[in-house]
Amino acid sequence: VLCWACISASHPRPHLRAASPEPTPVKAVLPSAMSSELFESYEDDLNQTISSVSKKISSQIPNFRGEQRKAAVRTAEKELSKADDLLHEMEMESRSAPQSYRAKLSQKIKTYKGELQRLNRALQNAAAGRSNASQ
């Protein structure tokens, strides 16, 4: 089963989702207040990644020293890169979502972009040994 963007041939990297045993009507895939299952899946992954990075920034990196600290910073950087990729996928999904959902999806994406920017600054500060109190 292809995502909305793949169906409309506007997705730069087509991908498949697991197909359900019986075809599901499009209206059944779209919850009345939100978007596709794929967008929500990306959002769940993004929230887990944000939580993991936040934990590293707030409790692991400040308490680690030497190589352990460097490794935690590198892991957090990789996770933030993954978060950027997930956000890009969410943007692609939102562009091909039905018009009635786009404003809500765009607002969510804008909020997540701000959160990722804040986490990037906090990670830079934590890696340099500065307090994140001003974040």
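For the numbers below, each heavy atom of this structure counts, side chains included, while hydrogens, waters and symmetry mates do not. Everything numeric here is computed off the predicted structure, so don't read it as measured data.
The residues E91 and K113 are annotated as salt-bridged, a charged nitrogen and a carboxylate oxygen being separated by less than 4.0 angstrom. Ion pair K82/E79 not flagged as a salt bridge, since none of the NZ, NE, NH1 or NH2 atoms sits closer than 4.0 Å to an Asp/Glu carboxylate oxygen.
The structure places CZ of R74 at 12.5 Å from CZ of R69, a figure rounded to the nearest 0.5 Å. Expressed to the nearest 0.5 Å, how far CG of D45 lies from CG of L86 amounts to 5.5 Å. One finds the CG atom of D85 at 11.0 Å from the CG atom of L80 (value rounded to the nearest 0.5 Å). From L105, atom CG reaches atom CE of M90 across 8.0 Å, with rounding to the nearest 0.5 Å. To the nearest 0.5 Å, the span separating CG on N125 from CG on N120 amounts to 11.0 Å. Here the straight-line distance linking atom CE of M92 with atom CD1 of I109 works out to 10.5 Å at 0.5 Å rounding.
Minimum heavy-atom separation, L46 to L87: CD2-CD1, 4.1 Å. Nearest heavy-atom pair across V53 and A76 is CG2-O, 4.0 Å.
Residues K110 and S106 have side chains that never bring a donor and an acceptor to within less than 3.5 angstrom of each other. R121 and Q124 share no side-chain donor-acceptor pair at under 3.5 Å.
With contacts defined as side-chain heavy-atom distances shorter than 4.5 Å, the pair E43/Y112 qualifies. Using a 4.5 Å heavy-atom cutoff, the side chains of K56 and T75 are in contact.
Looking at T111, its side chain does come within 3.5 Å of a backbone N or O of Q107 through a donor-acceptor pair. No donor-acceptor pair closer than 3.5 Å links the side chain of S52 to the backbone N or O of Q48.
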Derivation of the side-chain contact (heavy atoms from CB on, under 4.5 Å) call for K108 and F39 = CA-CA 11 Å; K108 281 186 166 207; F39 183 95; 4.2 Å; yes
request  = Could you walk me through whether N47 and Y42 pass side-chain contact (heavy atoms from CB on, under 4.5 Å), step by step?
outcome  = CA-CA 9 Å; N47 282 320; Y42 291 142; over 6 Å; no
request  = Let me see the working for R118 and E115 under salt bridge (Lys or Arg N to Asp or Glu O under 4.0 Å), right down to the final yes or no.
outcome  = CA-CA 5 Å; R118 186 192 68 76; E115 178 67 10; 2.9 Å; yes
Hey, can you pull the donor-acceptor pairs under 3.5 Å for the side chains in residues 61-68, sequence neighbours left out?
from	atom 1	to	atom 2	distance (Å)
N63	ND2	S59	O	2.5
R65	NH1	P62	O	3.1

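Judged as a side chain to side chain donor-acceptor pair (under 3.5 Å), and not counting sequence neighbours, Q60 has no contacts.
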